[in-house]
2 protein chains.
Amino acid sequence: MTYSYDYPHPAVTTDIVIFTVQDNALCLLLIRRGEDPYKGKWALPGGFLRMDEDIEHCAARELAEEAGVQGVYLEQLATFGTIDRDPRERVISVAYYALIPSDDVALQAGTDAAEAQWFPLSDLPPLAFDHSDIVRMAQQRLSAKMSYSTIGLQFMPAAFTLSDLQRVYEIASGKTLDKRNFRKWVLSLDLVEETGHKQTQGAHRPAMLYRVKKPSRIDIIK
Amino acid sequence: MTYSYDYPHPAVTTDIVIFTVQDNALCLLLIRRGEDPYKGKWALPGGFLRMDEDIEHCAARELAEEAGVQGVYLEQLATFGTIDRDPRERVISVAYYALIPSDDVALQAGTDAAEAQWFPLSDLPPLAFDHSDIVRMAQQRLSAKMSYSTIGLQFMPAAFTLSDLQRVYEIASGKTLDKRNFRKWVLSLDLVEETGHKQTQGAHRPAMLYRVKKPSRIDIIK
DNA sequence: TCAAAAGTGTTCTCTTTACACCCATGC
DNA sequence: GCATGGGTGTAAAGAGAACACTTTTGA
């Protein structure tokens, strides 16, 4: 079966940049391609838009199919469409990005995707297509949003200590932060609350565990 | 001639939101549609992507063809692609936005476009397709960027007074600003310079005329 | 000489940053 | 009892907001 049009049409795809914080590094998820073009190369998860689904739905579906990642809040990044970005045909790609907690990383292993792996941003392999442009833009956007929104909370698991949270912010921003000022700031935003439980771990005073009050919400701050 | 594909392909278009400040109001440019669907309705300038042009080129071309507006700095806004946004077929639209000086508004009249007109944002007619969603998003983006970037300078003509500039900022933000603080702020950014000429206009002290130092550049401030 | 917009500094307030010690636990 | 990370307040500096009068021109 073929589909015919009076004028030429490009193909439309989505690509998704998924960040997490793992082993003291900001990481992103890549898929090793099983097909040409760029067979064997690492690429962002993503794929072709179906005619009966919204663009964001396409991104969510591809992410689930290729990487076993579900239920994340996707935000549109930008649309990439230079003429030769795909050797097969003209392809317009709508890029999305999302942040997931480091403890969801385990889900990753259970997927049936060909090969999915986390890479530290500081040590990425060469990427297929124009995916390094997409990653670069995602990095810029993330870094900007970290400083003027509550997006960073999306990195956090169901329960975490304030020191965990500070570590995530330090890794994502690349700066060290003052403990007292950071805590004052976080608590003043009124976005996290005590769970009532403490985490006893190691030879030191147990830390209060917190949870995010409205996990799905991203607010602009400042 | 027809174009055939193994899988269905959506059409891809661009839509452009052009802002200006005119008669003490923030305005945008609309085109009255000459064809179905939505014949006779007002819509954003825009049109179908050609296979041999980049997406941004498409936006610039449509803007020139339909509205006679040229040489503006276009910034990608977002991509809209809900399933039923166009009754003809599945259409994915990449939206752009730009700001132009109010004195370029005159160019508008000289175009051969069917019908192009400036509307104050506060008094828009009903729009075709999902264009009011696009406009809403553009408005949010503009308002955000006005507060943390130098994008507002793009509204300014080749020469202007600091009072002109303040007026533009007040209109775009909807707030009144303190004259001394505004001037201190603008001059501290080092983005405008004196032209050396003064504007004598009306029964009052002549005002120094300024120009933007790097007109094409948008910086993040604060 | 009056009206109308241009131009110009200082003070106060609030936000942000810098900084050091005691606490609870496991070994 | 000592090593380890958890938890807490205050003071100094910097950024942002408030505020009123003199100048130059045309009519």
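We name chains A, B, ... by the order of the sequence lines, and we start the count at 1 in each one.
Atom pair Met208(B):CE and dT8(C):C1' shows a separation of 14 Å (rounding to whole Å applied). Going from atom CG of Asp178(B) over to atom C1' of dT11(C) covers 13 Å, rounded to whole Å. Note: CZ (Arg183(A)) to C1' (dA18(C)) measures 17 Å, nearest angstrom. For the pair Phe182(B) CZ and dG9(C) C1', the interatomic distance rounds to 18 Å; values are reported in whole Å. Between the CG atom of Leu189(A) and the P atom of dT15(C) there is a distance of 13 Å, given to the nearest Å. Between the CD atom of Gln199(A) and the P atom of dG26(C) there is a distance of 13 Å, given to the nearest Å. The interatomic distance linking Lys184(B) (NZ) with dT10(C) (P) rounds to 10 Å, in whole Å. One can place CG of Asn181(B) at 11 Å from C1' of dG9(C), the figure rounded to the nearest angstrom.
When atom types are taken as modelled, the side chain of Ser147(B) and the backbone of Ala144(B) share a donor-acceptor pair closer than 3.5 angstrom.
If you walk DNA chain D from 5' to 3' and mark each nucleotide with an atom closer than 4.0 Å to a heavy atom of chain A, the marks span dA3(D) to dT10(D).
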**Request:** Check the pair Lys213(B), Asp219(B) against salt bridge (Lys or Arg N to Asp or Glu O under 4.0 Å), reporting the backbone distance first and the verdict last.
**Result:** CA-CA 12 Å; Lys213(B) 277 190 174 178; Asp219(B) 286 308; over 6 Å; no
**Request:** Start with the C-alpha gap between Leu209(B) and Thr161(B), add the side-chain angles, then the distance that decides, and say whether side-chain contact (heavy atoms from CB on, under 4.5 Å) holds.
**Result:** CA-CA 5 Å; Leu209(B) 285 166; Thr161(B) 68; 4.0 Å; yes
**Request:** Show your reasoning for whether side-chain contact (heavy atoms from CB on, under 4.5 Å) applies to Ile218(A) and Glu75(A).
**Result:** CA-CA 11 Å; Ile218(A) 297 179; Glu75(A) 194 163 306; 3.9 Å; yes
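Checking Leu142(B), Ile134(B), Leu29(B) one by one against Val17(B), the side-chain contact (heavy atoms from CB on, under 4.5 Å) holds for a single residue, Ile134(B).
Atom name P, nucleotides dC19(C) and dG5(D): the rounded distance is 22 Å, in whole Å.
Proximity of Ser132(A) to Leu124(A): side-chain heavy atoms (C-beta onward) are nowhere separated by under 4.5 Å. Trp118(A) has its side chain within reach of Ile18(A): a pair of non-hydrogen atoms, C-beta onward, lies under 4.5 Å apart. In this structure, the side chains of Val21(B) and Leu99(B) stay at 4.5 Å or more apart for every pair of heavy atoms.
No more than 12 heavy atoms of other residues, nucleotides or ligands lie within 6.0 Å of CE in Met137(B), so this atom counts as exposed by the packing criterion.
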Polar atoms only, N or O, under 3.5 Å: list the protein pairs with nucleotides 21-23 of chain C and their distances.
unit_1  : atom_1 : unit_2    : atom_2 : d
dC23(C) : O4'    : Arg205(A) : NH1    : 3.3

**Asked** Taking only Watson-Crick and G-U wobble pairs with both distances under 3.5 Å, what dot-bracket line describes DNA chain C, where [ ] shows pairs that cross earlier ones and | shows pairs with another strand?
**Response** |||||||||||.|||||||||.|||||
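Smallest separation of non-hydrogen atoms from Trp42(A) and Glu115(A): CZ3-O, 3.9 Å.
With rounding to the nearest 0.5 Å, the separation of OH in Tyr169(B) from CE in Met156(B) is 9.0 Å.
Projected onto DNA chain C by closest heavy-atom contact, Arg180(A) and Pro206(B) fall at different nucleotides, the more 5' of which corresponds to Pro206(B).
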